[in-house]
Each structure stands twice: as C-alpha cells, then as structure tokens.
There are 2 protein chains.
Amino acid sequence: MGMMRNRPFTDILARLRTAGLRPTRQRLALGKLLFADGNRHVTAEMLHEEAVDNKIQVSLATVYNTLNQFTDAGLLREVVVESGRSYFDTNTSEHHHIFHVDNGALEDLSDDSMRLVELPVLPEGTQLERVDIVIRVRNSN
Amino acid sequence: MGMMRNRPFTDILARLRTAGLRPTRQRLALGKLLFADGNRHVTAEMLHEEAVDNKIQVSLATVYNTLNQFTDAGLLREVVVESGRSYFDTNTSEHHHIFHVDNGALEDLSDDSMRLVELPVLPEGTQLERVDIVIRVRNSN
DNA sequence: GTGTTTGCAAAGTGTTTGCAATTTA
DNA sequence: TAAATTGCAAACACTTTGCAAACAC
C-alpha cells in the first residue's frame with residue numbers, strides 16, 4: 001500500500017533510465033507533472049507555468065528541451081492542431097483527438113468510437129507514418 | 001475558345017468583388033497564381049517567391065494579409081499539418097490531405113477513398129466545426 | 001573528474017501590425 | 001477626395017541555440 005504512493009516517481013525514474021536520459025531534478029519533476037495524472041495534453045508554456053506554480057525551479061528553455069527529449073524518446077507524442085503552438089500528449093498509443101477551437105483544449109478520443117473505412121492508396125514510393133484525425137468543435141451557444 | 005483564355009482572370013475579379021475585396025493589382029495577381037491551375041497548397045513564403053519569380057511586385061506582408069483575407073472570405077482554407085507553418089488550400093470543399101513529412105508537400109485526398117465509420121459523440125455544449133484527417137507519409141527507401 | 005544538463009540571453013522562425021504613402025472607386 | 005490597401009520596419013509569439021556554471025555519475 002505504501003508502495004503505491006511512490007509508484008509514479010519510481011516509474012518516471014525507470015522510464016528516464018530506459019530512455020537513456022539522466023534523471024535530473026528538472027526531468028523528474030516535469031515527468032512527475034506529466035505522467036502522474038493520466039493522459040495530459042500540454043504546451044511548453046502550460047507545463048512551465050504549472051512547474052512554477054508547484055515551486056519547481058526550471059526555465060522555459062529547459063521545458064522545451066525536455067518535451068523534445070521526451071518526445072524523441074517515445075515518452076510523449078506531439079500533436080499538431082494549431083500552427084504556432086505545439087501540444088504534447090502523454091498518450092503515445094495510436095489514437096485521435098478532439099480540439100476545442102474556442103479555448104485551445106485538446107482531448108483524446110477513444111479509438112473505437114471512430115475508425116477509417118479504408119486507407120487511401122499511398123503515393124508511389126511512400127510509406128505510412130501515421131494518420132492524424134482531429135475533430136474540431138466549438139461552443140454551441 | 002478565345003474566351004477560355006481569360007476565364008481565370010475574369011473569374012478572380014468576380015470572386016473578389018463577391019467577397020467584398022477590392023480587386024487591387026496585388027490581389028488579382030496572387031489570385032491568378034492561386035486559382036489559375038486548379039488545386040494548390042501554398043505557404044505565404046512559397047506564394048511570395050512565386051510572385052517574385054513572375055515579376056509581380058508584392059511584399060511578403062501583403063501576401064500574408066491577402067492569404068488571410070482570402071481565407072476569411074472563404075476563397076481559401078487553412079490546413080494545419082506542421083506547427084510553425086501555415087498552408088493554404090485553394091480547394092475549400094470538404095476533403096482531407098496527404099502530407100509528405102520529408103519535403104513538406106501537401107496533396108488533396110479524394111473524399112471517397114476514405115471515410116469515418118461514425119463521428120464520436122461530441123462533448124456536451126459543443127458543435128462540430130470540422131473533421132481534419134491528415135495521412136502522414138514518408139519516403140520508403 | 002568527466003561528460004551531461006541547465007539557465008540565461010541571444011538568435012531564429014513564421015506571422016502580424018502601425019503608419020505614411022499609394023491606390024481604388 | 002474619401003476610404004481602402006500597400007509596403008516597410010518594427011513588434012510578436014513561439015521555439016531553438018551557444019556557452020558558462022551547475023550537476024550527475
């Protein structure tokens with residue numbers, strides 16, 4: 001039972017080690033914020049603000065670097081919904097998104113609620129990297 | 001037959017008028033580049049370069065402004081495939097895209113080659129704005 | 001100790017904006 | 001001539017980078 005308490009932290013330590021990233025104070029703290037509470041979608045700005053609010057001393061540049069390193073290591077996935085802002089998703093499995101254009105909120109979509117009938121024929125000499133589906137919604141009032 | 005030659009230009013003049021945009025030299029020239037040859041996907045930078053190559057005197061700022069005005073007027077549609085770069089599509093009907101991650105090329109997908117089984121249930125209080133599907137491919141060698 | 005990571009500030013992208021000069025109607 | 005548009009340069013938002021100081025192992 002007591003072990004449960006520490007699982008997130010321990011988990012992150014292991015994740016970083018596996019990814020070949022030194023578990024520095026900043027990476028551990030950011031990882032804790034990112035992975036402790038299930039699926040999250042954050043921008044660098046959002047995560048930095050959250051870190052500051054939690055009295056974690058880390059620069060915005062390091063947040064950017066960390067998000068990119070986590071993404072390269074497969075711990076995060078980048079989601080493109082708006083030009084000029086990068087979102088990072090803690091859910092790296094294949095799935096799609098709902099994007100709220102009014103407030104910039106992004107949520108996962110359970111994969112089974114939606115699926116493509118069939119993939120189109122890909123252009124000659126290309127291979128599929130991934131299919132991105134974004135359902136864009138706005139407040140209906 | 002002779003009339004065919006001028007159709008694109010005349011068409012653009014009419015489009016601009018309908019959209020309430022004064023048909024200035026720059027807008028007409030950019031519109032001609034955009035709409036003369038069927039469906040195109042351009043960034044501001046690309047269109048500006050093309051204009052310069054065609055001896056059309058227009059500033060990059062005006063290209064940006066024009067692309068935004070055309071988009072607001074429904075003559076273009078913005079497509080988000082990469083954070084940090086905006087693409088504009090001359091095809092404003094409902095359709096999806098193939099994005100070549102290696103070279104940044106973007107192409108339309110015929111709508112019938114692909115379709116969603118069903119839309120997910122939208123969050124309470126929201127309405128659908130649009131569904132964006134991007135098939136990301138890379139060179140397979 | 002050695003190599004890695006951090007933080008800052010500076011530089012880099014892509015895009016928007018203020019305003020005087022120009023153009024359109 | 002009145003109102004809209006252009007072009008430039010400056011400002012912007014977001015992101016990356018160079019390098020000295022701090023840190024991990």
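Not measured: the values here are computed from a predicted model.
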Review point. Does a side-chain N or O from A:R27 land closer than 4.0 Å to OP1 or OP2 of C:dT5, or not?
Key: yes
Practice item. May I ask which nucleotide in the shown strands pairs with C:dT16, Watson-Crick or G-U wobble, both distances under 3.5 Å? Key: D:dA10
**Study point:** Residue whose nearest DNA chain C nucleotide is more 5′ - A:G20 or B:A44
**Key:** A:G20
Check your understanding: Between B:S86 and C:dG14, does any side-chain N or O lie under 4.0 Å from OP1 or OP2?
Key -> no
Study note, to complete from the structure: The nucleotide from C:dG7, D:dG7, D:dC14 with an atom nearest the side chain of B:V58 is D:dG7
Check your understanding: Quick one: is A:T62 getting a side-chain N or O under 4.0 Å of the C:dG7 phosphate, OP1 or OP2?
Key -> yes
Exercise for review: May I have the distance from A:Q69 (atom CD) to D:dT16 (atom P), rounded to whole angstrom?
Suggested key: 11 Å
Practice item. Please examine the side chains of A:T18 and A:R15, heavy atoms only from C-beta on, and report whether any two atoms are closer than 4.5 Å. Key: no
Review point. Using a cut-off of 4.0 Å on non-hydrogen atoms, how would the nucleic acid contact of A:N65 be classed: base, sugar-phosphate, or nothing?
Key: base
Check your understanding: For DNA chain C, whose closest nucleotide is more 5', that of B:L60 or that of B:R17?
Key -> B:L60
Review point. Nearest-Å distance, NE2 (A:H48) to P (C:dT6)?
Key: 13 Å
Review point. Looking at B:H97, B:R40, B:R77, which one forms a side-chain hydrogen bond (donor to acceptor under 3.5 Å, both in side chains) with B:D89?
Key: B:H97
Exercise for review: Calculate the interatomic distance between B:Q57 atom CD and D:dT6 atom P; express it in whole Å.
Suggested key: 12 Å
Point to revise | B:R22 (side chain) and D:dT5 (base): donor-acceptor pair under 3.5 Å | key: no
Point to revise | Complementary nucleotide for D:dC25 - Watson-Crick or wobble, under 3.5 Å | key: C:dG1
Exercise for review: Give a yes/no on whether any side-chain N or O of B:Q26 is located under 4.0 angstrom from OP1 or OP2 of D:dG7.
Suggested key: yes
Point to revise | Closest to the B:Y64 side chain, choosing from D:dC23, C:dG14, D:dT15 | key: C:dG14
